[in-house]
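The figures that follow rest on heavy atoms only: side chains count, while hydrogens, waters and symmetry mates do not. Values in this document were obtained by computation on a predicted structure and should not be read as measured data.
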Amino acid sequence: MSKSTISTFQVFQMFPDAESARLFLESRIWADGVTCPTCKATENITTRKGGFYRCNPCKLDFTIRTGTVFERSHIPLHKWLYAMYLLVTARKGISSLQLSKEIGVTQKSAWFMLHRLREACGGPNLTKLRGIIEVDECFIGGKEANKHEHKKLHAGRGAVGKTAVLGMRERGGRVIATKMDMRNLSAIHGQIHDNVELGSQLYSDDSIVFDDLDGLFFRHEAVNHSAGEYARGEATTNGIESVWAVLKRGVYGVYHKVTPKHLGRYLNEFSFRLNEGNGKRHSLERLDSMVAAVIGKRLTYAALIA
């Protein structure tokens, strides 16, 4: 077995059917024994057939799917595990059409599966970024020049008609990317305060939305991109811009179009792949992180399309 990854063939050998996938998930999610997803009891639980359990204290019948993104899904668990493997190992993502061909489900089911997994990728950021942080914006959306005439906004170039995304990357650490519904100083600074530890060193470009960051809370330097400056000693945003390079290649090359409504989940996916799904970790470790992320997450189809 490779020191950094396992092949698709090896994944099929590990999880050839739904039963083997169920046992794997139970060993990861219930590492300390079968646990009721409602009352968290670990005792007085009766084992039934087909992976079902009965919690006698609260009278709940449950399976390993209960309380996870798999809940009420009719897709076999080994197909879910393969989809999770693809999600954490595909550098630029995998389309729902491709996934549907890979695991033998409809494109609609694959689309719903991927959004449920992206929902799982969006766990709360309990630990703030610290040290040296690179901050930058990017804009996701179609180019005006490529649109049909009746869809053009005729309101200028650049960010017109696109959705703003704020990204923060800790050097040698994690990435946080957030869709910005409001793009102003207050909203941008609020996100930075929410996600970056006070006293950290911030590096950004010369955009006005990063003005006044240097002061009581942070140390801040900006590189003047408009004057052709991209690095000045330690001051550079090349790290966070490399995140945008991967994100845009995924959005435009794999997904082709991402609506503002669902953009937040796509950002969750790419951030997860750069953090817990980092390519320096063995793919089985990345898969374990994905399994841990599905606990306590639920996305219904009605909520997804609302």
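The six-membered or imidazole ring of Tyr82 lies away from that of Phe15, with a centre-to-centre distance of 6.0 Å or more. Taking the ring centroids of Trp244 and Phe270, they lie at or beyond the 6.0 Å cut-off. The six-membered or imidazole ring of Tyr301 lies away from that of His115, with a centre-to-centre distance of 6.0 Å or more.
A salt bridge does not link Arg219 to Asp214: none of the charged side-chain nitrogens sits closer than 4.0 Å to a carboxylate oxygen. In this structure, Asp181 pairs ionically with Lys179, as a charged nitrogen and a carboxylate oxygen lie closer than 4.0 Å. By the 4.0 Å N-to-carboxylate-O rule, Asp61 lies close enough to Arg48 to be salt-bridged with it.
The neighbour count for Lys261 NZ, taken as heavy atoms of other residues, nucleotides or ligands under 6.0 Å away, is above 12. Counting non-hydrogen atoms of neighbouring residues, nucleotides and ligands closer than 6.0 angstrom, the CD1 atom of Ile208 reaches no more than 12 such neighbours. Applying the 6.0 Å contact sphere to CZ of Arg249 captures no more than 12 heavy atoms from other residues, nucleotides or ligands. Heavy atoms of other residues, nucleotides or ligands lying less than 6.0 angstrom from NZ of Lys128 number more than 12.
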**OP:** Show your reasoning for whether salt bridge (charged side-chain N to carboxylate O under 4.0 Å, His left out) applies to Glu276 and Arg281.
**Re:** CA-CA 8 Å; Glu276 287 78 1; Arg281 303 176 68 204; over 6 Å; no
Original post:
Do Ile240 and Met168 pass the side chain to side chain contact (heavy atoms under 4.5 Å, CB included) test, and can you show the C-alpha distance, the side-chain angles, and the key distance before you say yes or no?
Top reply: CA-CA 7 Å; Ile240 186 63; Met168 293 157 276; 5.9 Å; no
**OP:** Start with the C-alpha gap between Glu102 and Lys79, add the side-chain angles, then the distance that decides, and say whether salt bridge (charged side-chain N to carboxylate O under 4.0 Å, His left out) holds.
**Re:** CA-CA 9 Å; Glu102 296 270 359; Lys79 294 188 177 185; over 6 Å; no
Original post:
So Glu170 and Arg174, salt bridge (charged side-chain N to carboxylate O under 4.0 Å, His left out) or not? Walk me through it.
Top reply: CA-CA 5 Å; Glu170 179 184 279; Arg174 296 182 298 123; 5.5 Å; no
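For the pair Arg116 and Phe112, the cation sits on the ring face: its NZ or CZ lies under 6.0 Å from the ring centre, inside 45° of the axis. The cationic atom of Arg118 (NZ for Lys, CZ for Arg) lies less than 6.0 Å from the six-membered ring centre of Tyr255 and within 45° of the ring axis.
The backbone N or O of Ala90 lies less than 3.5 Å from a partner atom in the side chain of Arg273, making a donor-acceptor pair. Panel note: side chain Tyr252, backbone Gly141; a donor-acceptor pair is recorded below 3.5 Å. Using a distance-only test at 3.5 Å, with no hydrogens or angles considered, a donor-acceptor pair links the side chain of Ser242 to the main chain of Gly239. Proximity of a side-chain donor or acceptor of Arg130 to a complementary backbone N or O of Val196 within less than 3.5 Å is not detected.
Taking the six-membered ring where the residue is Trp, His193 and Phe217 present perpendicular rings, their angle passing 60° and hence far from 30°.
We find the CD1-CD distance between Ile94 and Glu269 to be 10.0 Å, quoted to the nearest 0.5 Å.
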